[in-house]
*Asks:* 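One structure coming up, written as structure tokens, with questions to follow.
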Amino acid sequence: MRRMKSLAFLWIWMVMVSVVVADVRLPKTLTSYAVLQRDVPVKVWGWADSGEKVTVAFNGQTVETTAGEDGKWCVTLQPMAAKSEGSDLVVTGKNKLTLSDVVVGEVWICSGQSNMEWRLGSQSGTEEECNGNYRFIRFNRDGYVVNETPQEELTGNGWVACENGNQKQCTAVGFHFALALYEKLNVPIGLIHCNWGGSRIESWMPEDCWEMLKEKGISRDEVAKSMSTRKEGHTVVGGMYNAKLAPWRNYAVRGAIWYQGCSNGGESLTYYEKQKAMIASWRKIWGDIPFYWVQLANYTAPSENPNERLGWGPLRDAQTKCLEVAKTGQAVTIDIGEEKDIHPRNKYDVGRRLAAWALANDYGFDVPFASPLFQSVKCDGAKAIVTFNHAGNGLVVGKQEPRKFSLSDAPLYGFAIAGADKKYFRATAKIVGKDTVELTCEAVPEPKFVRYAWQQNPAGCNLYNAEGFPATPFTTE
């Protein structure tokens, strides 16, 4: 009798398990409050029992498919216009799933390390921004996981609307970026909140990057060896891409913003090669998306001696060099960092500077978007004449405060020149044309080389264009 009861219990348990396995299921990339990308085909995918018929209905479209032998299924919704009013997305198989308040708008990946991870509620938003109704901005924040191989599912809880204080957990840079977009586009903005403090760029690079880097002499094995000694969670090459980004491979996005570099701060051109390879790899997955990044902000104690405390100068130069890659942009932030904190609280201006790139280059708005960028230098006797691109309505001496740019009466500061010995001295600088600066220094009668803001904390650098974008650090060596 006891044996018969045990067999009956086992049979009931097996039936229950088979029902659970048969249930149609969606990934955590697709939950209530999701933002779907407008104007492009949108994939909806998941799992069900082998051979199970699955129907997806949303926004007037109904699409059917059948799960494969592995239980996977995928349908494609035709391109949709932006839609701010949420609708139900219904998936029907042997069971029925209803995702509520799904909207259509613009979707951006927000990746990198701690300055992208930094939350709005950590002194980076106003009282209104942290608690008001901004439900047109939604975000999907994943957990802290890595994996050796690309995964299909996230560990987080899905999409969240920025309302009732939820936005305090949103990436601050991403929130201010999204708000700037919304003010012009008036469509929902979705943020894929995929970042981790302290992470190196190698953690976010898909495996095919290393084939691209072989010819550059950058070895995956050597990188893996150097990463093996890092703290838990940061030891796996590609581990964060595999666990946190790979599950989004089918999700349609508009572009990506990136704030990373501190953990690779000792590098120079190798960082350029890695970021270039990563951009190429991500574009194989999501198409020819724009990729905009934040150049490292000023940090640590400054030095009046331009030959000292160079720190992140070469890394910033590598970031600038990445502008050679098509459909990219850089938000220069050497004017909004903090000497004693690697996490500057002013994420408002960071997000706005990134958004300017997107508004001008992806959405067709006639808005200023770029920092002055070194174009050329001409050494004429005791003078060095520097010319800039992206001077806008003219070069100016300026001052940046949180959320406020103004002109300044202070002397132009931040340039250094050197002779053939490459020993640098602070230069007397003056703006002599819309896009031109003249440099002199009694200690350098025959200048050969010029630097601007070429230190880890180039405090006091104050060259801008009239639109309020700070000049990009450079060296002519």
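Just so it is clear, the values below take in all heavy atoms, side chains as well, and ignore hydrogens, waters and symmetry mates.
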*Asks:* Indicate whether any N or O donor in one side chain lies under 3.5 Å from an N or O acceptor in the other, for Glu324 and Tyr272.
*Replies:*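 Distance-only check passes for Glu324 and Tyr272.
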*Asks:* Taking the six-membered ring for Trp, are Phe139 and Trp159 ring centroids under 6.0 Å apart?
*Replies:* no
*Asks:* Which is it for Thr55 and Thr92 under the side chain to side chain donor-acceptor pair (under 3.5 Å) test, yes or no, and what are the steps along the way?
*Replies:* CA-CA 5 Å; Thr55 302; Thr92 306; 5.9 Å; no
*Asks:* Can you establish whether the number of heavy atoms outside Lys214 located under 6.0 Å from its atom NZ is more than 12?
*Replies:* no
*Asks:* Is it true that Tyr452 and Phe374 have ring centroids separated by less than 6.0 Å?
*Replies:* no
*Asks:* Looking at Lys72, Arg25, Lys94, which one forms a salt bridge (Lys or Arg N to Asp or Glu O under 4.0 Å) with Asp49?
*Replies:*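 When salt bridge (Lys or Arg N to Asp or Glu O under 4.0 Å) is applied between Asp49 and each of Lys72, Arg25, Lys94, only Lys94 qualifies.
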*Asks:* Indicate whether the side chain of Gln295 and that of Gln319 have a donor and an acceptor atom separated by less than 3.5 Å.
*Replies:* no
*Asks:* If we ignore angles and hydrogens, is there a donor and acceptor under 3.5 Å between the side chains of Glu273 and Thr270?
*Replies:* no
*Asks:* Does a donor on one side chain and an acceptor on the other come within less than 3.5 Å for Ser50 and Glu52?
*Replies:* no
*Asks:* Would you say the side chain of Phe58 lies within less than 4.5 Å of the side chain of Val42, judging by non-hydrogen atoms?
*Replies:*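 Sidechains of Phe58 and Val42: no contact.
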*Asks:* Look at the side chain of Gln113 and the backbone N and O of Gly261, then say whether any donor-acceptor pair between them is shorter than 3.5 Å.
*Replies:* yes
*Asks:* Which atom pair, heavy atoms only, marks the closest approach of Met212 to Ala280?
*Replies:* SD-CB, 4.0 Å
*Asks:* Any chance you could measure Gln123, atom CD, to Asn346, atom CG, to the nearest 0.5 Å?
*Replies:*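 So the CD of Gln123 and the CG of Asn346 are separated by 12.5 Å.
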*Asks:* To the closest 0.5 Å, what do you measure between OH (Tyr259) and SG (Cys110)?
*Replies:* 14.0 Å
*Asks:* Kindly compute the distance separating OG1 (Thr300) from CZ (Arg309), expressed to the nearest 0.5 Å.
*Replies:* 6.0 Å
*Asks:* Side chains of Tyr271 and Gln260, heavy atoms from C-beta outward: is any pair under 4.5 Å?
*Replies:* yes
*Asks:* Would you call Glu183 and Arg352 a salt bridge, taking side-chain N to carboxylate O under 4.0 Å as the test?
*Replies:* yes
*Asks:* Taking C-beta and beyond as the side chain, do Trp312 and Gln456 meet within less than 4.5 Å on heavy atoms?
*Replies:* yes
*Asks:* Pick from Ile279, Thr328, Ile201: which one makes a side chain to side chain contact (heavy atoms under 4.5 Å, CB included) with Trp258?
*Replies:*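 When Ile279, Thr328, Ile201 are each tested with Trp258, the side chain to side chain contact (heavy atoms under 4.5 Å, CB included) holds only for Ile201.
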*Asks:* Carefully, step by step, assess Leu36 and Val103 under the rule side chain to side chain contact (heavy atoms under 4.5 Å, CB included).
*Replies:* CA-CA 6 Å; Leu36 304 180; Val103 296; over 6 Å; no
*Asks:* Would you call Asp142 and Thr155 a side-chain contact if the rule is heavy atoms closer than 4.5 Å?
*Replies:*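 Yes. Closest side-chain heavy atoms under 4.5 Å.
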*Asks:* Would you say the side chains of Ser228 and Thr235 form a donor-acceptor pair under 3.5 Å?
*Replies:*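 On atom types as modelled, these side chains do not qualify, holding no pair under 3.5 Å.
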*Asks:* Is it the case that over 12 heavy atoms from other parts of the model lie below 6.0 angstrom from the CG atom of Asp208?
*Replies:* yes
*Asks:* Under 6.0 Å from the ring centre and within 45 degrees of the ring axis: does the NZ or CZ of Lys244 meet both conditions for the six-membered ring of Tyr144?
*Replies:*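 Lys244 over Tyr144 ring: yes.
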*Asks:* Around atom NZ of Lys53, are there more than 12 heavy atoms of other residues, nucleotides or ligands at under 6.0 Å?
*Replies:*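 Result for NZ/Lys53: open.
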*Asks:* For this output row, return yes or no: ring centroids of Phe291 and Trp282 closer than 6.0 angstrom.
*Replies:*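 Ring-ring flag for Phe291/Trp282: true, centres closer than 6.0 Å.
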*Asks:* When you check the side-chain N and O atoms of Ser114 and His343, is any donor under 3.5 Å from an acceptor?
*Replies:*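 Ser114 vs His343: donor-acceptor pair found between side chains.
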*Asks:* For atom CD of Glu148, decide whether the heavy atoms of other residues, nucleotides or ligands shown that lie under 6.0 angstrom number more than 12.
*Replies:* no
*Asks:* Lys347 and side chain to side chain contact (heavy atoms under 4.5 Å, CB included): which partner among Val294, Val173, Thr333?
*Replies:*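 Only match with Lys347 under side chain to side chain contact (heavy atoms under 4.5 Å, CB included): Val173.
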*Asks:* Going by atom types alone, do Gln37 and Glu106 pair a side-chain donor with an acceptor below 3.5 Å?
*Replies:* yes
*Asks:* Yes or no on salt bridge (charged side-chain N to carboxylate O under 4.0 Å, His left out) for Glu211 and Lys284, after CA distance, side-chain angles and deciding distance?
*Replies:* CA-CA 14 Å; Glu211 286 300 315; Lys284 290 179 184 177; over 6 Å; no
*Asks:* Under 6.0 Å between the ring centres of Tyr241 and Trp204?
*Replies:*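 For Tyr241 and Trp204, the ring centres are not under 6.0 Å apart.
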*Asks:* Given Leu89 and Val56, is the side chain to side chain contact (heavy atoms under 4.5 Å, CB included) satisfied, shown in steps?
*Replies:* CA-CA 7 Å; Leu89 189 155; Val56 176; 4.1 Å; yes
*Asks:* Is a donor from one side chain sitting under 3.5 angstrom from an acceptor on the other, for Thr171 and Asn195?
*Replies:* no
*Asks:* Please confirm whether the backbone N or O of Gln400 pairs with a side-chain atom of Asp335, one donor and one acceptor, at under 3.5 Å?
*Replies:* no
*Asks:* Judged by atom type as modelled, is there a donor-acceptor pair below 3.5 Å linking the side chain of Trp357 to the main-chain atoms of Asn361?
*Replies:* no
*Asks:* With distance as the sole test, does Asn133 use its side chain to make a donor-acceptor pair with the main-chain N or O of Arg135 at under 3.5 Å?
*Replies:*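 Yes; judged by distance alone, with no hydrogens or angles, the pair exists.
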*Asks:* Would you mind telling me which of Gln169, Lys168, His176 makes a side chain to side chain contact (heavy atoms under 4.5 Å, CB included) with Leu120?
*Replies:* His176
*Asks:* Pair Trp286, Ile109 - check side chain to side chain contact (heavy atoms under 4.5 Å, CB included), show working.
*Replies:* CA-CA 10 Å; Trp286 290 289; Ile109 296 169; 4.1 Å; yes
*Asks:* Ignoring hydrogens and angles, tell me if any N or O in the side chain of Thr320 forms a donor-acceptor pair with the backbone of Arg316 under 3.5 Å.
*Replies:*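 Yes, because the side chain of Thr320 sits within donor-acceptor range (under 3.5 Å) of the backbone of Arg316.
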*Asks:* Between the main-chain N or O of Val350 and the side-chain N or O of Arg353, is there a donor-acceptor pair closer than 3.5 Å?
*Replies:*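 Between the backbone of Val350 and the side chain of Arg353 there is no qualifying donor-acceptor contact (under 3.5 Å).
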*Asks:* With a 4.0 Å cut-off, would you call Arg451 and Glu477 a salt bridge?
*Replies:*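 Yes, this pair counts.
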*Asks:* Atom NZ in Lys321, atom CD in Gln330: separation rounded to 0.5 Å?
*Replies:* 13.0 Å
*Asks:* Measure the shortest side-chain to side-chain distance between Phe405 and Phe469 over non-hydrogen atoms and say whether it is less than 4.5 angstrom.
*Replies:*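 Of all side-chain heavy-atom pairs linking Phe469 with Phe405, none is under 4.5 Å.
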*Asks:* Asn131 side chain to Glu128 main-chain N or O, any donor-acceptor pair under 3.5 Å?
*Replies:*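 Not confirmed, Asn131 side chain does not pair with Glu128 backbone.
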*Asks:* With rounding to the nearest 0.5 Å, note down the distance linking CE in Met278 to CD in Glu202.
*Replies:*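 Spacing of CE (Met278) from CD (Glu202) equals 10.5 Å.
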*Asks:* Would you find a donor on one side and an acceptor on the other, under 3.5 Å apart, between the side chain of Glu117 and the backbone of Gly197?
*Replies:* yes
*Asks:* Is there a donor-acceptor pair closer than 3.5 Å between any side-chain N or O of Asn95 and the backbone N or O of Val24?
*Replies:* yes
*Asks:* What I want to find out is whether Asp101 reaches Arg138 closely enough, with some N-O distance under 4.0 Å, to be called a salt bridge.
*Replies:*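 Salt bridge: yes.
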*Asks:* Is it true that the side chains of Asn140 and Tyr33 contain a donor and an acceptor less than 3.5 Å apart?
*Replies:*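 No, because no side-chain N or O of Asn140 sits under 3.5 Å from a partner of the opposite role on Tyr33.
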*Asks:* Return the NZ to SG distance between Lys274 and Cys322, rounded to the nearest 0.5 Å.
*Replies:* 12.0 Å
*Asks:* Is there a donor-acceptor pair under 3.5 Å between the side chain of Glu153 and the backbone N or O of Lys28?
*Replies:* yes
*Asks:* With ring-ring contact (aromatic ring centres under 6.0 Å, His included) as the test, would you mind laying out the steps for Tyr134 and Phe175 before giving the verdict?
*Replies:* CA-CA 10 Å; Tyr134 294 85; Phe175 178 89; 5.4 Å; yes
*Asks:* I'd like to know if Asp23 pairs up with Lys96 as an ion pair, taking the criterion as any Lys NZ or Arg NE/NH1/NH2 lying under 4.0 Å from an Asp or Glu carboxylate oxygen.
*Replies:*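 No, this pair does not count.
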*Asks:* Within the 4.5 Å heavy-atom criterion, are Leu296 and Leu315 side-chain neighbours or not?
*Replies:* yes
